[in-house]
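All chains are named by letter (A, B, ...) in the order of the sequence lines, taking the proteins before the strands, and each is independently numbered beginning at 1.
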Protein chains: 2
Amino acid sequence: MRQVAERAGVSVKTVSRVVNGEPSVAPATLRRVLSAAAALDFQPDPHAGNLRRSDRRTRTLGLLISSVDNPFAGAIHRAVEDAAIGRGFAVFASSLDDDPEREEEAVAAFTRRRVDGLILTTSAQEQSYLEPEVRRGTPVVFVDRRPTGIACDAVVSDNAEGAAAATRHLLAHGHRRLAYLGDRPAIQTAGERRRGFLEALGQAGVPVGDAVIVEDLHDETVARKALLRLLDGPEPPTAVFSAQNLITIGALRALRERGRHRDTALIGFDDVALADLMDPGVTVMAQHPDDIGRIAAERVFARLDGDDSPAQRITVDTTLIERGSGEIPAPSNT
Amino acid sequence: MRQVAERAGVSVKTVSRVVNGEPSVAPATLRRVLSAAAALDFQPDPHAGNLRRSDRRTRTLGLLISSVDNPFAGAIHRAVEDAAIGRGFAVFASSLDDDPEREEEAVAAFTRRRVDGLILTTSAQEQSYLEPEVRRGTPVVFVDRRPTGIACDAVVSDNAEGAAAATRHLLAHGHRRLAYLGDRPAIQTAGERRRGFLEALGQAGVPVGDAVIVEDLHDETVARKALLRLLDGPEPPTAVFSAQNLITIGALRALRERGRHRDTALIGFDDVALADLMDPGVTVMAQHPDDIGRIAAERVFARLDGDDSPAQRITVDTTLIERGSGEIPAPSNT
DNA sequence: GCCGCATTTGACAACGATGTCACGATTCGA
DNA sequence: TCGAATCGTGACATCGTTGTCAAATGCGGC
């Protein structure tokens, strides 16, 4: 900046004025400064500016998700990015792999860089470690999972109701021997989905004993094996509710291996790529990660704009997408 | 920092020493400073430090890809992130949607933020706009597409050879009436894949006239319609080479709609999610985005560590994954 | 011709940190 | 016992920018 000032024969302050588009600069000076800046391809350092400036904003958001290499998280990321760009914000993303330790590290890495806001899918049991940062005034918005031990905005799917609706759908097609394949129950969303499943059974008057509940399935392989075991058992389920993405894929593999994919109903929670090209198409209870991301970004910006209302919890509905596998009727000979 | 210094009864410089782990600090002082820092939950501002520090590094990388919501780009992103974390770097990501204007804006947004390195999938015709940044010493590494008009490292798939190998695979299964479904030929990778396709035909002595080439297919719907037209035509192809992800999906849809998915061979360039669960499984020439991302990150860090050898072009091989659709033989009655 | 006012400009301190250097207090060897 | 080397510490300038305030300039009105 000093070089620009010298080249244009003005003071650094005047250059600063030009760069920031302040009004009281004579047209002739303006031109001189601009051409000098162009000649040196000068780019102002926003960090140095922020140091002195009053608002002290970095125009940067931190996004913490399961993994950037994951369709659900990717959709959230994209929605956040779209909202951020319009405001001149850049987005830092970090993958957590559902590892609470990694979560704290990643948050620290971002707060050190002075992000203006944080959007995160937490996997920690509780998030009081964020307390200092929140007190400092950084807006924090949780996506997909609600916070514990700290009052922050959260944008989540309606997991319980979505799971219940999926279950009712299976019941409506005559199924009684349902299998629920779920993730680790400690994961908040997993717990809620199981609750929805059980509530739907209860409301329909189906004894819980008729259903099989298998949990702790955190990847595709484990899910596949679990369902294979059920299919090979004495009373295989006539319908399967897979409560998560990877579990759905594992279930698909298992059904196919046993050639049961045309007579066993399946509904997955969360949409799966190319589900419509399978045979039969895979019925899912789809979430709306793009809406979740968009709304989360809106909350962050609202907070940055001074909204200091109490922490909100925003629920995004899920949508049943019928593609065939969920509409397979129960065998009539039961 | 001044507050910490006062609380501990030392000078700011001593606090700085503690924070940076410099050796010459008395244990007693160290403790006092640490406890004062903890009490105020002090976090040093890295930007202020960089202002004064000699190396002037922000420990930040900029990644510019087609979209964060895209499996190929997501895998690259993840690989870059994994490499970055180990070095204490954070990653800014930005989606370009193959829009050259957006590309320049996004690059500017990152260079203003003083990223230490850039990794990008360019969609501009040429990248001389990066010249000033490169001169400033920022390492730039291209992924997936080679640069034009500027000398920078590039990590790309072997598009021509991959396409040729895929084509040879189809020819080896007896096909002669091949269809090539490609993206806009202006896109570098698309051009190379077409070249590979044609070369393979030539080497096999198959007259080019036997093949149908349809291009400008930049999304799923257009690709689907294009293939439907071919299938409904007088001499439908017996094998299809779809030169890109979305085109493969469009092709799958078209084949399925006409019930030709069991007798028309298909090989896609670039892997597709759940391709193995289709019926038949989708044979693809898979790229290795994780390798591409990892190598690109390694190049950036090597440059940052002082490697000033000439710009390299690194080619990552593609891998044929046979899943069924590519092994469908040509009808024998031909 | 003088005064007041608006316009344009620059000097200076400050933001939060670190590099340099110098100072006083120890420790050590001769 | 003394000088030299070592250790721990702080004063100060500095990084690149902006906020504050005052100075210089030009203009119109009396």
Side-chain angles (χ1 to χ4, degrees), chain A residues 1-37 40-60 88 108 111-116 132-133 136-138, chain B residues 1-34 36-37 40-60 88 111-116 132-133 136-138:
Chain A
M1 184 141 154
R2 191 152 52 212
Q3 296 174 33
V4 177
E6 272 171 35
R7 198 176 224 271
V10 297
S11 76
V12 287
K13 177 66 226 200
T14 301
V15 177
S16 162
R17 271 190 264 263
V18 171
V19 169
N20 289 49
E22 287 174 40
S24 67
V25 177
T29 322
L30 186 81
R31 266 196 310 280
R32 274 215 316 289
V33 172
L34 284 179
S35 78
L40 297 167
D41 48 57
F42 164 78
Q43 282 199 278
D45 184 331
H47 301 128
N50 278 345
L51 207 54
R52 188 66 175 84
R53 221 191 300 267
S54 45
D55 70 347
R56 202 175 299 311
R57 291 268 170 92
T58 55
R59 302 179 88 71
T60 289
T111 58
R112 261 200 308 276
R113 285 182 170 81
R114 298 286 192 268
V115 295
D116 291 339
E133 192 59 24
R136 225 190 298 266
T138 308
Chain B
M1 182 140 156
R2 191 151 53 212
Q3 296 173 32
V4 177
E6 272 171 33
R7 198 175 221 271
V10 297
S11 75
V12 286
K13 178 66 228 200
T14 301
V15 177
S16 162
R17 272 190 263 262
V18 172
V19 169
N20 289 49
E22 287 174 42
S24 67
V25 177
T29 323
L30 185 81
R31 266 197 309 280
R32 275 215 316 288
V33 172
L34 284 179
L40 297 167
D41 46 58
F42 164 79
Q43 283 200 278
D45 184 330
H47 300 129
N50 279 346
L51 207 53
R52 189 66 176 81
R53 222 192 296 268
S54 46
D55 70 349
R56 201 169 309 306
R57 292 268 170 92
T58 54
R59 302 180 86 72
T60 288
T111 57
R112 262 199 308 276
R113 285 182 170 82
R114 298 286 192 268
V115 294
D116 290 340
E133 192 59 24
R136 224 191 298 266
T138 308

Filtered N/O pairs between nucleotides 4-7 of chain D and protein, under 3.5 Å:
none

Selection residues 3-13 of chain B - residue pairs positive for side chain to side chain donor-acceptor pair (under 3.5 Å), sequence neighbours left out: B/Ser11-B/Thr14
Only pairs at least two apart or in different chains count here, so list each side chain to side chain donor-acceptor pair (under 3.5 Å) that has a residue in residues 19-32 of chain B. none
Any residue meeting side chain to side chain contact (heavy atoms under 4.5 Å, CB included) with A/Arg112, in chain and number order, not counting sequence neighbours: A/Ala108, A/Ala109, B/Gln43
B/Glu133 to B/Thr111 - nearest heavy-atom pair and separation: CD-CG2, 3.3 Å
Side chain to side chain contact (heavy atoms under 4.5 Å, CB included) partners for A/Val19, two or more places apart: A/Val15, A/Phe42, A/Pro44
Closest non-hydrogen contact found for A/Val115 with A/Thr138 is O-CG2, 4.0 Å
Could you tell me which non-hydrogen atom of B/Val4 sits nearest to which non-hydrogen atom of B/Ala37, and how far apart they are? CG1-N, 3.8 Å
Which residues satisfy the side chain to side chain donor-acceptor pair (under 3.5 Å) test with B/Ser16, sequence neighbours excluded? none
What's touching nucleotides 10-19 of chain C from the protein side, N or O pairs under 3.5 Å?
unit_1, atom_1, unit_2, atom_2, d
C/dG10, OP2, A/Ser11, N, 3.0
C/dG10, OP2, A/Ser11, OG, 3.2
C/dG10, OP2, A/Thr14, OG1, 2.5
C/dG10, N7, A/Arg17, NH2, 2.5
C/dG10, O6, A/Arg17, NH1, 3.4
C/dG10, O6, A/Arg17, NH2, 3.2
C/dA14, N3, A/Arg52, NE, 2.6
C/dC15, O3', A/Arg56, NH2, 3.1
C/dC15, O2, A/Arg52, N, 3.3
C/dG16, OP1, A/Arg56, NH2, 3.2
C/dG16, N2, B/Ala48, O, 2.9
C/dA17, OP1, B/Asp45, N, 2.8
C/dA17, OP2, B/Met1, N, 3.2
C/dT18, OP1, B/Asn20, OD1, 2.7
C/dT18, OP1, B/Asn20, ND2, 3.0
C/dT18, OP2, B/Ser16, OG, 2.4
C/dT18, O2, B/Arg52, NE, 3.3
C/dG19, N7, B/Lys13, NZ, 3.0

Of the non-hydrogen atoms in B/Val12 and B/Arg2, which two are nearest, and what is the gap between them? CG1-CA, 3.7 Å
All side chain to side chain donor-acceptor pair (under 3.5 Å) counterparts of A/Asp116, not counting sequence neighbours: A/Thr58
Axis deviation across the helix from C/dG1-D/dC30 to C/dA30-D/dT1, five-pair ends, to the nearest 10°: 50°
